[in-house]
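Notes for the one structure printed next.
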Number of protein chains: 2
Amino acid sequence: MGSFDHLGVDGHLLRLFVTVYEEGSVSAAARRLDMAQSAVSHALNRLRRLVGDPLFVKSGRRIVATQHAERLVPQARLLMDGLKALTAGDGFDPAQARLSWTVAANDFQRDLLLPRFYTRAAAQLADLRLQVIPSGRPTSEMLREARCDLLISPAPPEGLDIIQKRLFDDRYVCVFDGARRVAPTSAAAFLAGRHVTVVHPSADPLNFDKALEGLGIHRDVVVTVANFSGLAPFLRGTDLVACVPSRLHGLELREFQAAPLPADLLAAAPPGTDTLRMYMAWHLRGQHDPAQAWLRGQLEAVAREMGDDA
Amino acid sequence: MGSFDHLGVDGHLLRLFVTVYEEGSVSAAARRLDMAQSAVSHALNRLRRLVGDPLFVKSGRRIVATQHAERLVPQARLLMDGLKALTAGDGFDPAQARLSWTVAANDFQRDLLLPRFYTRAAAQLADLRLQVIPSGRPTSEMLREARCDLLISPAPPEGLDIIQKRLFDDRYVCVFDGARRVAPTSAAAFLAGRHVTVVHPSADPLNFDKALEGLGIHRDVVVTVANFSGLAPFLRGTDLVACVPSRLHGLELREFQAAPLPADLLAAAPPGTDTLRMYMAWHLRGQHDPAQAWLRGQLEAVAREMGDDA
DNA sequence: TATAATCCATCGATACGATTCATGGATAAG
DNA sequence: CTTATCCATGAATCGTATCGATGGATTATA
């Protein structure tokens, strides 16, 4: 049964298929592809034979995509990108490349990685435009619809067309104003204090906060801010405590004191509670693009340079 | 430059290219493809035009692949698999499917996941043959050369053509014979004891052992065994201590006592030291195969069922 | 309801391209 | 030097993708 001659499919056919899908019309696709309408119709029939599915069925004088066609569209786009990667024209030469890259990242990972990434990458490239957009709660759609090329997040989206790779591990520490209080060394002391944490309205809470929640441990969170940069003013001159990735302590929170989380608090918590693992994620589409692969490599190198320790 | 008509490439051309590469000969490829030799030669020329690279150059009366051709071969194989995924014949029906799956996994992950996976998956399938092979130090070649379909490991290989996904997190605990000693509650007590650990000759040491090593902490390891199943005889009736993933305590080491790692030991260690994160990894080739995707989904479900806690 | 407009499928003609057979130049082996 | 084998090329053939034109079907408009 499977014996449809799938090997007969070529890039032109894929492009035609995707165009028909996007236009929702054979005639419109023909116009966009600068072909005769009948040619598109015939080509579509050929593709129907090759994949063994009607792909589009008539409904009135329009056509609607079958379920199978819906499934095929992203796959077809993927294959077209793969075909492009076959050409020899892709000899990627950093020294002559003028690249534009859009990265979605929230405050912590942005400030930690991207400045160093930029200086490193830009030094080797003819030109680099780096667009950083807020990721919010990162979704696979951002990558699928090419709203960004890469996404940096501790909770990257999953999906069969999404690839993710670990960048670095960090550990949560308590940060506080050393002039106003001392480090909480036990769970009791920790829970007795007043806390400030980061809860972005459109993103997931920190895995640390979620883990405590899951344990039924409720600390006294008196202030929540939308991002890490908002913590400092609340810590300064107060006895508030924040639990943040330790690397942040080397950035915006340099002026404060840091201490490890109370050991007895962690003993009860699930593994990885005190660890924040940062990933980068991208779409399969960009997998074989040598320029993007190079950029990802640079970012990875920056993360590696920092080492896994705080 | 980029203006080679890469869309003109079709599956037949890719297959021809790969065949010529594998045979190292135009004539031999023609025989295997059941075509005339000149047809292959012409087709090869067509492909040369389309991708803008000689692909094979004459050397004596043989031909040798160019660098670019070498790079293209895996990509071509990938695209052929992608094309196969276009056909409608792939409506995957578990109830009628007779599958054969080869998984590379070492002892811990094998015993923990695969029995439950097998019963779960086999119950839904017409037939399932599960081959489990030892992974040793897992390499991307095992996946590339299709020696296995999936690999389960805490240290999955990396590569642009390898996809990995987290299965579950576990935490290291101390395991010992409760009749002979008590739990080490401090780093000092921990280091005063005698230890047994797992070091497989052809695999990486455990991340826990590596982390301690990295800190310059040398505990007194008096016995090493090649896999987890070898631990029990050495623990039984002795004062030896082993640090193993806590889930193992529920399997082979049920008879022993378990205790968390000393907190002060972990405080100095890098984040994630006490966490073992288990991944599955597979080759891009199997990404769009619905049967394999289904099997991976089942395995994931089993891992999820166990929850992230021990 | 009749008419016009638009859509997609089909038909015959045409041009392009893929394959075949036959041949030639090059290399290596006998 | 001869022979066998390899790959490339040329001419001829066959298949097929495209075109323009046409027809059947559906929807919008008067």
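Residue numbers begin at 1 in each chain, while the letters A, B, ... track the order of the sequences. If you're wondering where the values come from, they're calculated on a predicted model, not measured in any experiment.
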* Quick one: do A/Arg77 and A/Arg285 satisfy side-chain contact (heavy atoms from CB on, under 4.5 Å)? Show the steps, please. => CA-CA 8 Å; A/Arg77 292 207 180 96; A/Arg285 177 184 346 102; over 6 Å; no
* To do: Let me see the working for B/Glu22 and B/Arg32 under salt bridge (charged side-chain N to carboxylate O under 4.0 Å, His left out), right down to the final yes or no.
  => CA-CA 11 Å; B/Glu22 286 174 353; B/Arg32 219 173 88 183; 2.9 Å; yes
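For the pair B/Arg31 and B/Glu23, the salt-bridge criterion is not met [side-chain N within less than 4.0 Å of a carboxylate O].
Put simply, B/Arg48 has a side-chain N or O that comes within less than 4.0 Å of OP1 or OP2 on D/dA8. Regarding contacts with the backbone of C/dT10, every side-chain N or O of A/Ser41 stays at 4.0 angstrom or more from both OP1 and OP2.
Nucleotide D/dC6 holds its C1' atom 10 Å from the CD1 atom of B/Ile63, rounded to whole Å. B/Leu55 places its CG atom 11 Å from the P atom of D/dA8, with the value rounded to the nearest Å. For A/Leu47 and C/dA9, the CG to P distance is 13 Å, given to the nearest whole Å. Going from atom CG of A/Leu33 over to atom C1' of D/dC19 covers 15 Å, rounded to whole Å.
In this structure, A/Leu13 and A/Leu50 have side chains that are in contact, with non-hydrogen atoms separated by less than 4.5 Å. Put simply, the side chain of B/Leu130 does not reach to within 4.5 Å of the side chain of B/Leu99, judged on heavy atoms.
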* **Under 4.0 Å protein heavy-atom contact, by nucleotide of nucleotides 24-30 of chain C - B base, S sugar-phosphate only** => ---BS--
* To do: Can you check each nucleotide of nucleotides 12-23 of chain C against protein heavy atoms at under 4.0 Å and return B for base, S for sugar-phosphate only, - for none, in 5' to 3' order?
  => ------SBBBB-
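A/Arg110 contributes no side-chain N or O that, together with a main-chain N or O of A/Val103, makes up a donor-acceptor pair within less than 3.5 Å.
A pairwise comparison of heavy atoms in A/Ala104 and A/Cys148 identifies CB-SG, 3.9 Å as the closest pair. Closest non-hydrogen pair, B/Trp294 versus B/Ala121, comes out as CH2-O, 3.9 Å.
The distance from the CG atom of A/Leu151 to the OG1 atom of A/Thr102 is 11.5 Å, given to the nearest 0.5 Å. Atom-to-atom distance recorded for B/Leu79:CG and B/Leu14:CG is 6.0 Å, nearest 0.5 angstrom.
A heavy-atom distance below 4.0 Å to DNA chain D is reached by these residues of residues 18-25 of chain B, ordered by number: B/Ser25.
Paired with A/His283 under the rule side chain to side chain donor-acceptor pair (under 3.5 Å), one option of A/Asp161, A/Asp81, A/Asp149 passes, and it is A/Asp161.
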